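Remember, it's a predicted structure, so these values are computed and weren't measured experimentally. All residue numbers refer to positions in the sequence shown, counting from 1.
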Amino acid sequence: MLNLSPRQLLLLSLVAAFATMALKGVAWYLTDSVGFLSDAVESLVNVAGAGFALFMVTLAQRPADNNHPYGHSKAEYLSAAFEGGMILLAALAIAVTAIERLINPQPIADLGIGTVLIVLASLLNLVVGLLLLRGGKVHNSPALEGDGKHLMTDVWTTVGVVVGVSLAMLTGYTWLDPVVAIGVALHILHEGWQILYKASNGLMDQALSDKRIAEIEQVLSQFSCHNVFFINLRTRAAATLQFAQADMQVPKEWTVQRAHQVADEAEQALQAIGIELAVHIEPHNAHGPIDQTTL
């Protein structure tokens with residue numbers, strides 16, 4: 001699979017969003033299906049989300065400066081929050097349109113051509129969505145992950161819409177089309193809420209995963225052979241960046257230079273696994289650390 005950067009993946013997502021929006025728009029025009037319209041509206045959200053995510057990822061990659069000493073990586077959470085908000089608005093628009101069509105049902109025409117176009121758009125979303133999810137995992141990028149999850153939701157949405165429209169055509173019950181569209185709106189609403197929830201957690205400095213903390217503890221435990229102990233470990237994630245803080249207790253007879261040398265070694269060891277460590281140095285007596293809560 002191609003090893004693309006976050007910006008390249010989001011450029012690909014933006015191009016795919018325009019292509020799928022065009023395909024679904026034509027499908028809706030040919031069939032006059034409110035289900036297909038719901039799919040087309042969500043593709044419009046994909047365009048806005050991918051465009052804003054591309055801008056935020058570009059901003060997040062800027063180096064740290066005087067005003068942002070910890071970098072700009074949290075901009076990616078703004079992208080996820082924006083996309084989540086757009087998804088919620090799209091869900092409301094779809095629901096209103098579907099309810100109106102449920103009250104005033106209309107016949108569906110030219111299902112075959114419309115379905116082919118919708119399926120093609122869905123396959124494109126599937127490929128790009130999988131690439132984005134993989135990229136989000138590789139780069140620890142909430143912007144890529146959010147966009148990828150949105151596209152995968154779009155794929156399942158399309159499956160539901162095609163089923164609903166097909167049932168409406170086969171049974172003659174045109175109300176099935178708007179009912180499925182309402183179900184689509186509820187599903188999109190749930191996905192938007194999940195994206196917003198995860199973005200808000202990121203902005204509030206959520207701790208790293210248990211697996212990641214275990215990796216940090218394993219690295220720091222290697223320094224116990226120097227009679228050095230790390231306590232009070234605290235971690236946080238800032239999109240693609242990961243930080244840790246700890247108190248390092250060293251023998252009280254050590255010089256400042258020796259203590260700083262070990263601290264530098266610990267910081268370099270964690271940098272090798274993608275963690276920025278900040279250390280506070282404290283003395284301990286010959287019997288062990290002052291605080292027995294060691295790593």
No-hydrogen, no-angle side-chain donor-acceptor test under 3.5 Å, R236 and Q206: no
Trace of the salt bridge (charged side-chain N to carboxylate O under 4.0 Å, His left out) decision for E215 with K211: CA-CA 6 Å; E215 291 176 6; K211 179 181 178 181; 5.0 Å; no
Heavy-atom pair of closest approach, residues [X] and [Y]:
X	Y	answer
A269	V219	CB-CG1, 3.6 Å
A246	F230	CB-CD2, 4.2 Å
I118	A27	CG1-CB, 3.7 Å
A50	S13	CB-OG, 3.6 Å
A75	L59	CB-CD2, 3.9 Å
L54	R7	CD1-O, 3.7 Å

Does [atom1] belonging to [X] count more than 12 external heavy atoms closer than 6.0 Å?
X	atom1	result
F243	CZ	yes
D210	CG	no
E265	CD	yes

Salt bridge (charged side-chain N to carboxylate O under 4.0 Å, His left out) contacts in which one or both residues fall within residues 69-80, not counting sequence neighbours: K74-D205
Aromatic plane relationship, F52 with F82 - under 30° parallel, 30 to 60° tilted, over 60° perpendicular: tilted
Reported CG-to-CD distance for the pair L277 and E267, which is rounded to 0.5 angstrom: 5.5 Å
